[in-house]
2 protein chains.
Amino acid sequence: MTSDLDSVFAALADPTRRQILAMLLEDDMAVTDVAEPFGMSLAAISKHLVVLSRAGLISQEKRGRVKWCKLEPDALRDASIWMQGFGQFEAINLDAFERFLEREEIAGRTEVGDQS
Amino acid sequence: MTSDLDSVFAALADPTRRQILAMLLEDDMAVTDVAEPFGMSLAAISKHLVVLSRAGLISQEKRGRVKWCKLEPDALRDASIWMQGFGQFEAINLDAFERFLEREEIAGRTEVGDQS
DNA sequence: GGGATCGTCAACCGTTCGGTTGAATATGCC
DNA sequence: GGCATATTCAACCGAACGGTTGACGATCCC
């Protein structure tokens, strides 16, 4: 739900967003601090954070007037499982991968008749 | 180069393309056969294949008049390493991940002054 | 209350994306 | 040669993306 592959991969496809994730790997950060290293408006960063948030890759909690951003690495779990099914880079839970493919196929089929 | 994270993740962000990859997991396929299960024009599938090809996720070899599509799972390697650095889902080569982050950061910086 | 700070909203802009259709280019086969 | 098959090209379309700017709403603090 929160972390479907479409939104997760789309979120990861932007280098700014990947860099934000890498920054959050170190520690939680306020939006303004996230924006600081980028030569980009705060609004732009805010939008990137929305994308990451919708993909489930981060969570945001407002404390006072500052909104703290926190990495949510679990959202990468399904995506990672999906990818690992393709390469045999390391030992993989092939079972999980196959279940995942099935789930996605079903999701794809239901989507067709279910554009809300 | 061929498999930078931008293009790989962008390619994976589309469910049609992920399904194509899953199909190619079974066997190499001709373009027409790839297109068959999708309710979509051949031209659309052809474009998807270009995207996958540019991302390095598949290779295409023309034999006669039919062009065979082959999965190239190695292209997922870097992306997989990148992702695994975030979650501690399984035992990971953290070293590889850190080197990767650095490489990406450098690439990001050079891109700025280098829009050809 | 009032000014500064934090963050988002809304409108806009140019580009890319995912799809279509119709024409064009190979190639295979009789 | 000539027709069928396989695939791409080119032009077009609407929607989504990534960014900007300026106004706005909260919150902190004096």
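Within every chain, numbering begins at 1; the chains are lettered A, B, ... in the order of the sequence lines, protein sequences first and strands thereafter. In this text, all values refer to a predicted model and were calculated from it rather than measured experimentally.
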Engineer: Starting from P on C:dT8, measure out to CZ on A:Arg54 and report it in whole angstrom.
Structural biologist: 12 Å
Engineer: Round to the nearest Å and state the distance from B:Asp33 atom CG to D:dA6 atom P.
Structural biologist: 8 Å
Engineer: So which protein N/O to nucleotides 18-22 of chain C N/O distances come out below 3.5 Å?
Structural biologist:
residue	atom	partner	partner atom	Å
C:dG18	OP1	B:Arg17	NH2	3.1
C:dG18	OP2	B:Arg17	NH1	3.1
C:dG19	OP2	B:His48	NE2	2.1
C:dG19	N7	B:Lys47	NZ	3.2
C:dG19	O6	B:Lys47	NZ	2.3
C:dT20	OP2	B:Ser41	N	3.0
C:dT20	OP2	B:Ser41	OG	2.7
C:dT20	O4	B:Lys47	NZ	3.4

Engineer: Grab the CD-P distance between A:Gln60 and C:dG7 for me, whole Å please.
Structural biologist: 9 Å
Engineer: Using side-chain heavy atoms (C-beta onward) and a distance below 4.5 Å, is B:Leu5 in contact with A:Pro15?
Structural biologist: no
Engineer: Are A:Lys62 and D:dA26 close enough that a side-chain N or O sits under 4.0 Å from OP1 or OP2?
Structural biologist: no
Engineer: Under a single-linkage definition using a 4.5 Å side-chain heavy-atom cutoff for Ile, Leu, Val, Met, Phe, Trp and Tyr, are B:Leu12 and B:Leu25 assigned to the same hydrophobic cluster?
Structural biologist: yes
Engineer: D:dT7, OP1 or OP2 - any side-chain N/O from B:Ser46 closer than 4.0 Å?
Structural biologist: no
Engineer: Which atom names give the shortest non-hydrogen contact between A:Thr32 and A:Leu42, and what distance separates them?
Structural biologist: CA-CD1, 4.0 Å
Engineer: Whole Å only: how far is the CD atom of A:Glu61 from the C1' atom of C:dG7?
Structural biologist: 16 Å
Engineer: Taking the side chain of B:Arg65 as its heavy atoms from C-beta onward, which of C:dG7, D:dT5, D:dT7 lies nearest to it?
Structural biologist: D:dT5
Engineer: Quick check against the 3.5 Å criterion: does A:Asp74 have a side-chain atom that pairs as donor or acceptor with the backbone of A:Arg77?
Structural biologist: no
Engineer: Could you state the atom-to-atom distance from CD1 of B:Ile45 to C1' of C:dC17 in whole Å?
Structural biologist: 15 Å
Engineer: Over all heavy atoms of both residues, which pair between A:Arg18 and B:Asp6 is shortest? Give the atoms and the distance, please.
Structural biologist: NH2-OD1, 2.6 Å
Engineer: From B:Leu57 CG over to B:Leu24 CG, what is the distance, rounded to the nearest 0.5 angstrom?
Structural biologist: 10.5 Å
